[in-house]
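Just so it is clear: chains get the letters A, B, ... in the order the sequence lines come, proteins before strands, and each one is counted from 1. These figures come from a predicted structure and were not determined experimentally.
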Amino acid sequence: MSSKLPRSFYNRPTLEVARDLLGKRIVFKSNEAGLSAKIVEVEAYVGEDDPACHAAPGLTKRNEVMYGKPGFSYIYFVYGMYYCFNIVTERKGFPAAVLLRAAEPVDGLEIMRRRSSKRKAETILSGPGKFCRAFGLTAEHSGTDLTSNTLYVCEGIDQVEEIVITTRVGINKGVERPYRFYLADSNAVSGPRVKGPRA
DNA sequence: TGAATGATGCGCT
DNA sequence: GCGCATCATTCAT
């Protein structure tokens, strides 16, 4: 078992945390399964001044986790059927988080495949809704401490190579901000690619 | 291979 | 009511 990231990792500027999460491994242990995956695509949502951030309207019941301590999960329900998994960043009181958009299966592929409508490994976790469905994460898991032993991030296995920085996907406000990060050589990235060869 | 669209429910004005 | 940090399916090219 490799080393779990400490809370200090998350208590930093959100754009740095987002970039540094690429290549790391997300781990979820439940009664049903032990799952893990390599993070290949993320987006940053940074404070009340970021119009696309859920904290833009100020503190509400829904977004209160983002105002709390860094290193906790923020999971919300969207479009009537999907969940999105985020990691809270920066100091308590400053609302910011990193959305996990895509990953590559490492452990528990068969269990993820059973929960997915997809067959190929590289498509099972290629999207924020698909990631939560295959991992079995729901609103029940929002507010979980990522320094716990059930849900956490640990050091990556492979060396991180080229990182692409571009604009976020699926939003209508704050579209110009370059807050999306992905690994250029991954075939599991969900959204549009800025450049590069086709898979 | 890409554009359009329906599914489906919650939070907030 | 409307909009939403989505996805799978359907239809067109």
Side-chain angles (χ1 to χ4, degrees), chain A residues 10 14-15 17-19 21-22 26 37 39-68 70 72-90 94-105 112-144 146 153 164-183 187-199:
Chain A
Y10 306 104
T14 306
L15 298 181
V17 177
R19 180 198 60 207
L21 279 170
L22 292 177
I26 174 81
I39 298 170
V40 301
E41 182 186 356
V42 296
E43 284 177 358
Y45 290 86
V46 189
E48 296 179 350
D49 292 337
D50 176 357
C53 183
H54 282 180
L59 176 65
T60 68
K61 182 76 177 186
R62 178 205 202 192
N63 64 27
E64 66 182 355
V65 183
M66 277 203 291
Y67 286 81
F72 281 74
S73 64
Y74 167 48
I75 302 175
Y76 63 88
F77 187 63
V78 73
Y79 292 119
M81 58 181 93
Y82 298 107
Y83 293 96
C84 289
F85 170 76
N86 300 251
I87 296 174
V88 175
T89 58
E90 312 212 26
F94 185 88
V98 174
L99 168 69
L100 198 164
R101 286 196 59 87
E104 296 172 0
M112 298 181 209
R113 210 194 298 270
R114 240 175 277 145
R115 295 169 175 170
S116 175
S117 60
K118 302 293 186 188
R119 318 261 308 276
K120 288 190 289 191
E122 62 267 28
T123 56
I124 287 175
L125 304 177
S126 66
K130 292 196 281 184
F131 168 78
C132 283
R133 188 179 49 179
F135 259 61
L137 291 170
T138 70
E140 287 176 36
H141 306 99
S142 192
T144 301
L146 300 184
V153 183
V164 179
I165 305 175
T166 181
T167 52
R168 294 173 291 187
V169 177
I171 55 173
N172 294 298
K173 297 174 221 164
V175 291
E176 74 291 345
R177 297 189 184 213
Y179 284 3
R180 174 172 172 240
F181 303 76
Y182 66 83
L183 293 179
N187 58 8
V189 171
S190 73
R193 284 165 177 275
V194 168
K195 60 177 181 184
R198 292 186 40 78

Looking at [options], which one has an atom nearest to any side-chain atom of [X]?
X        : options              : result
A:Thr60  : B:dA7, B:dC12, C:dA5 : B:dC12
A:Arg133 : C:dA5, C:dC7, B:dG9  : C:dC7
A:Tyr82  : C:dC7, C:dA8, B:dA7  : C:dC7
A:Tyr76  : B:dT8, C:dA5, B:dG9  : C:dA5
A:Val78  : C:dT6, C:dA8, B:dT8  : C:dT6
A:Tyr74  : B:dA7, C:dA5, B:dG9  : C:dA5
A:Lys130 : C:dC7, B:dA7, C:dA5  : C:dC7

Report task. Report yes or no: is there a donor-acceptor pair, N or O only, under 3.5 Å between the side chain of A:Tyr79 and the base of C:dA5? Result -> no
Given [N], is OP1 or OP2 found less than 4.0 Å from the side-chain N or O atoms of [X]?
X        : N     : result
A:Lys118 : C:dC7 : no
A:Asn172 : C:dG3 : no
A:Arg62  : B:dG9 : no
A:Arg101 : C:dT6 : yes

Expressed in angstrom and rounded to an integer, what is the separation of [X] atom [atom1] from [N] atom [atom2]?
X        : N      : atom1 : atom2 : result
A:Arg115 : C:dA8  : CZ    : C1'   : 20 Å
A:Leu59  : B:dG11 : CG    : P     : 15 Å
A:Phe77  : B:dC12 : CZ    : P     : 15 Å

Query raised in the report: Can you tell me how far NZ of A:Lys118 sits from CZ of A:Arg113, rounded to the nearest 0.5 angstrom?
Result: 13.0 Å
Query raised in the report: Is there a Watson-Crick or G-U wobble partner for C:dC11 with both distances under 3.5 Å, and if so, which one is it?
Result: B:dG2
Report task. Sort out the partner of B:dT8 for me: Watson-Crick or G-U wobble, both distances under 3.5 Å, none otherwise. Result -> none
Query raised in the report: Minimum heavy-atom separation for A:Cys53 to A:Met66, with atom names?
Result: SG-CE, 4.0 Å
**Report entry** Base of C:dA5 and ring of A:Tyr45 stacked, centres under 5.5 Å, planes under 30°
**Finding:** yes
Report task. Specify whether A:Phe131 and A:Phe85 have parallel, tilted or perpendicular ring planes, treating 30° as the upper limit for parallel and 60° as the lower limit for perpendicular. Result -> tilted
Query raised in the report: When you match A:Phe131 and A:Lys173 each to their closest nucleotide on DNA chain C, which lands nearer the 5' end?
Result: A:Lys173
Query raised in the report: Do A:Glu64 and A:Tyr74 have side-chain atoms, one donor and one acceptor, less than 3.5 Å apart?
Result: no
Query raised in the report: Can any side-chain N or O of A:Thr167 pair as donor or acceptor with the backbone N or O of A:Arg177 at less than 3.5 Å?
Result: no
